Amino acid sequence: MALTYIKGDKVNRWVERIAEWWDSLNLLIHNVHYTWTHFLEAFCMQYLDHTKQQRAGIKLETHKFHFPLIDKYVTEFEDLTTLAGYTIGGAETINLFLKGLTLAPDIFDKVMDYPAPNNYHELHNKAISVVKA
């Protein structure tokens, strides 16, 4: 079934060969679970993007807030944080969130005014409030 999702001129013949081979397996003789697991590992190694996490981390480092698009900034920031494998509430991500706000120094200063946010949730809410005010 998974093979039906693989399309394209460059892989059509390969898909046909793999499907024929898969159909020829005998459940009593071949270890089908091991074979499927091995196929998935080989497929992932060959075709999946292994640099997605690193690219998300680089984008996160350069992610900037553009006034007044705070909702877009927060959503993209949180998506990139997840893709990069960072913890949303970690000190590093809080610093990256603040770094992105420096493009709008007046917003940054108001977010950091007393009382200063103690965690990511407070920082996120205060940044939204400041921009929308």
Side-chain angles (χ1 to χ4, degrees):
M1 179 166 187
L3 294 173
T4 62
Y5 292 107
I6 303 172
K7 303 278 185 210
D9 294 339
K10 295 184 178 183
V11 295
N12 283 340
R13 183 64 192 132
W14 177 82
V15 169
E16 290 171 10
R17 284 194 318 270
I18 292 296
E20 289 168 6
W21 168 77
W22 184 259
D23 290 339
S24 73
L25 293 178
N26 183 324
L27 293 174
L28 299 174
I29 299 172
H30 301 99
N31 186 343
V32 175
H33 176 73
Y34 170 78
T35 304
W36 178 248
T37 303
H38 182 71
F39 167 78
L40 286 178
E41 289 172 0
F43 183 84
C44 289
M45 290 295 292
Q46 180 70 31
Y47 296 106
L48 292 185
D49 183 359
H50 300 288
T51 63
K52 182 173 28 175
Q53 187 173 12
Q54 289 80 8
R55 285 188 287 113
I58 291 167
K59 279 185 179 180
L60 195 55
E61 293 278 342
T62 59
H63 188 58
K64 299 291 182 200
F65 166 68
H66 299 284
F67 186 83
L69 306 174
I70 189 66
D71 292 333
K72 181 180 178 191
Y73 174 73
V74 170
T75 302
E76 289 176 354
F77 179 83
E78 291 177 355
D79 289 346
L80 288 170
T81 300
T82 302
L83 282 173
Y86 294 174
T87 304
I88 286 280
E92 183 178 16
T93 55
I94 289 173
N95 290 336
L96 289 170
F97 186 88
L98 289 170
K99 181 180 174 184
L101 291 177
T102 58
L103 197 61
D106 52 327
I107 301 293
F108 176 83
D109 291 341
K110 289 178 183 173
V111 168
M112 295 309 292
D113 277 350
Y114 182 82
N118 291 324
N119 56 47
Y120 176 77
H121 182 70
E122 289 179 12
L123 176 63
H124 160 269
N125 288 338
K126 190 168 182 184
I128 291 172
S129 297
V130 166
V131 171
K132 292 192 175 187

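In what follows, every heavy atom counts, from backbone to side chain, and hydrogens, waters and symmetry copies are set aside. Note that this is a predicted model, so its numbers are computed, not measured.
- Applying the side-chain contact (heavy atoms from CB on, under 4.5 Å) test to E122 and every residue at least two apart in sequence or in another chain returns P117, N118, N119.
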For T87 and T93: C-alpha separation, side-chain torsions, deciding distance, then whether side-chain contact (heavy atoms from CB on, under 4.5 Å) applies. CA-CA 7 Å; T87 304; T93 55; 5.8 Å; no

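- Side chain of T81 to backbone of Y86: no donor-acceptor contact under 3.5 angstrom is found.
- Grouping the Ile, Leu, Val, Met, Phe, Trp and Tyr side chains by contacts below 4.5 angstrom, directly or via other members, places V131 with I128.
- K110 NZ: 12 or fewer foreign heavy atoms inside a 6.0 Å radius.
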Decide side-chain contact (heavy atoms from CB on, under 4.5 Å) for L96 and H63; before the verdict, give the C-alpha distance in whole Å, the side-chain angles of both, and the deciding distance to 0.1 Å. CA-CA 8 Å; L96 289 170; H63 188 58; over 6 Å; no

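- Note: Y73 and F97 have tilted aromatic rings, judged against thresholds of 30 and 60 degrees for the angle between ring planes.
- Using a cut-off of 4.0 Å between Lys/Arg side-chain N and Asp/Glu carboxylate O, E16 and R13 are scored as salt-bridged.
- Pairs passing the salt bridge (charged side-chain N to carboxylate O under 4.0 Å, His left out) check and including a residue from residues 89-109, sequence neighbours excluded, read E61-K99.
- Counting heavy-atom neighbours within 6.0 Å of K64 NZ, excluding the residue itself, gives a total above 12.
- In this structure, CD1 on I94 lies 10.0 Å from CD1 on I88, to the nearest 0.5 angstrom.
- In this structure, L83 is not a member of the same hydrophobic cluster as F77, with clusters built from ILVMFWY side-chain heavy atoms closer than 4.5 Å.
- Formation of a donor-acceptor pair under 3.5 Å by the K59 side chain with backbone atoms of A84 is not found in this model.
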Determine, step by step, whether D71 and K132 satisfy the side-chain contact (heavy atoms from CB on, under 4.5 Å) criterion, reporting the C-alpha distance in whole Å, the side-chain angles of both residues, the deciding distance to 0.1 Å, and the verdict. CA-CA 10 Å; D71 292 333; K132 292 192 175 187; 3.2 Å; yes

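- Linking Ile, Leu, Val, Met, Phe, Trp and Tyr residues whenever their side-chain heavy atoms come within less than 4.5 Å places M112 and Y120 in a single cluster.
- Ring pair F67/F65 is perpendicular by interplanar angle, where above 60° counts as perpendicular and below 30° as parallel.
- In this structure, the side chain of K72 does not engage the main chain of H66 through any donor-acceptor pair within 3.5 Å.
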